[in-house]
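Just so it is clear: chains get the letters A, B, ... in the order the sequence lines come, proteins before strands, and each one is counted from 1. Remember, predicted model here, so these are calculated numbers, not experimental data.
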There are 2 protein chains.
Amino acid sequence: MSDTFFVQQLRQHGYKITPQRRAIIEALAEAPLAPKASEIWEKIRQKYPDISPDTVYRNLTLLVDLGMVQQIYLRSKETSRFEVNIPHHHHLVCLKCGCYYCLEGCLVNEQDLEAAKQRGFTVIGHALELYGYCLSCQEVREEGLR
Amino acid sequence: MSDTFFVQQLRQHGYKITPQRRAIIEALAEAPLAPKASEIWEKIRQKYPDISPDTVYRNLTLLVDLGMVQQIYLRSKETSRFEVNIPHHHHLVCLKCGCYYCLEGCLVNEQDLEAAKQRGFTVIGHALELYGYCLSCQEVREEGLR
DNA sequence: ATCCTAAATAAGTTTATTCTTATTTAGATT
DNA sequence: AATCTAAATAAGAATAAACTTATTTAGGAT
């Protein structure tokens with residue numbers, strides 16, 4: 001989870017190590033909790049005022065595809081969040097307020113993934129989010145959904 | 001899965017039945033495969049030229065939140081697709097070309113969902129997508145990811 | 001049949017994200 | 001150290017999706 005590890009991983013996969021990539025990795029490592037792409041962008045801009053948002057999005061997606069970062073899809077209200085991916089786990093997402101909780105472990109068993117691989121599909125990763133309503137949004141929901 | 005069923009469900013939850021909602025439900029029922037929001041919008045515009053895209057998005061989200069429609073997150077490249085939700089299942093999504101395959105059954109067991117409910121969280125549904133590379137994108141991937 | 005009110009919509013604005021293209025650069029090769 | 005080339009970037013345009021607000025309307029009450 002250190003910067004060095006991320007950089008090593010990128011090198012091993014043949015990607016170039018740019019100042020922008022170092023900055024993104026550094027920002028992710030320093031981030032207290034799963035930040036939004038825009039938060040990472042803002043943080044990096046303090047040091048590198050000219051970095052483009054596209055570069056941030058592109059590299060976050062790359063890190064996700066390489067399995068080093070986990071993307072949490074918060075379904076509307078809020079934008080995605082990015083989490084350093086150790087250990088792999090899933091999330092409970094509130095449809096009303098956009099808050100989320102981490103669940104322990106993985107709810108998908110490897111056996112099921114095999115079925116996918118048999119179709120010639122190379123599975124890189126998976127995303128599972130449970131959607132619903134958090135405790136403090138329950139009442140609101142009862143009004144909203146009658 | 002008939003229009004009537006969807007309308008009944010909306011009524012039971014206290015939602016009003018508007019011409020726009022009927023049109024969206026009709027369009028979903030007639031769609032040959034999981035359409036994109038924009039495709040549904042275009043189809044409805046043939047009959048109702050003044051319907052706004054916001055109305056389509058809003059109601060698709062509503063149907064998803066009520067568990068009547070399943071949203072497939074295709075991760076970049078392509079936008080989400082919406083599927084009439086019978087039976088519940090998951091998807092294999094190609095990160096390169098955006099194509100997807102349906103998997104049989106649900107890979108998440110109810111027992112695991114209970115853990116979430118114990119936190120006072122009301123689980124409405126869940127979304128699981130397996131991400132990777134389809135057969136015809138494998139070579140491209142080997143170039144791309146070295 | 002008319003009225004009432006909260007819900008739903010249209011229109012326009014705003015934001016998040018991706019795409020396109022010209023330029024720059026990391027890292028390999030010489 | 002200089003050169004080369006594919007990869008990465010910045011900038012700006014394009015798109016998808018959501019928000020804001022004024023107006024309309026579905027469905028219940030009168």
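Separating the CG atom of Leu74(B) from the P atom of dA17(D) is a distance of 10 Å, rounded to the nearest angstrom. Whole-Å rounding puts the Tyr73(A) OH to dA17(D) C1' distance at 16 Å. Note: CG (Leu62(B)) to P (dA7(C)) measures 13 Å, nearest angstrom. In this entry the distance linking OH of Tyr48(B) with P of dT24(D) reads 20 Å, nearest Å. Rounded to an integer number of Å, the gap from CG of Asn59(A) to C1' of dA7(D) is 11 Å. Put simply, CD1 on Ile51(A) is 21 Å from P on dT23(C), counting in whole angstrom units. If you measure from atom CD of Glu78(B) to atom P of dA17(D), you get 11 Å, rounded to the nearest angstrom. If you measure from atom CD of Gln71(A) to atom C1' of dA16(C), you get 12 Å, rounded to the nearest angstrom.
A close approach under 4.0 Å does not occur between any side-chain nitrogen or oxygen of Tyr57(A) and OP1 or OP2 of dT18(C). Between Ser52(A) and dA11(D) there is no side-chain polar atom (N or O) within less than 4.0 angstrom of OP1 or OP2. Between Arg58(B) and the phosphate of dA18(D), there is no side-chain N or O to OP1/OP2 separation shorter than 4.0 Å. At dA16(D), none of the side-chain N or O atoms of Ser80(B) fall inside 4.0 Å of OP1 or OP2 (strictly under the cut-off). At dA26(C), none of the side-chain N or O atoms of Gln20(A) fall inside 4.0 Å of OP1 or OP2 (strictly under the cut-off).
Residue Pro53(B) is the one, among Pro53(B) and Ile17(B), whose nearest nucleotide of DNA chain D lies closer to the 5' end (criterion: closest heavy atom). Each of Ser38(B) and Arg11(B) was matched to the nucleotide of DNA chain D holding its nearest heavy atom; the match closer to the 5' end belongs to Ser38(B). Comparing Asp54(B) and Arg21(B), the nucleotide of DNA chain C nearest to each residue sits closer to the 5' end for Arg21(B).
In this structure, the side chain of Thr55(A) does not engage the main chain of Ile51(A) through any donor-acceptor pair within 3.5 Å. Although no hydrogens or angles enter the test, the distance criterion places a donor-acceptor pair under 3.5 Å between the side chain of Gln70(A) and the main chain of His89(A).
Among the atoms of the strands shown, none is found under 4.0 Å from any heavy atom of Pro49(B). Among the protein residues, Thr18(B) comes within range of the sugar-phosphate backbone only, with heavy atoms under 4.0 Å from sugar or phosphate atoms but none that close to a base.
Here the nucleotide nearest the side chain of Lys16(A), chosen from dA17(D), dT9(C), dG27(C), is dG27(C).
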- Message: Run Leu60(B) and Leu28(B) through side chain to side chain contact (heavy atoms under 4.5 Å, CB included) and show every step you take.
- Response: CA-CA 10 Å; Leu60(B) 284 175; Leu28(B) 275 171; 4.1 Å; yes

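A centroid separation of 6.0 Å or more is found between the aromatic rings of His91(A) and His126(B).
Remark: Glu39(B) engages Arg81(B) in a salt bridge, criterion side-chain N to carboxylate O under 4.0 Å.
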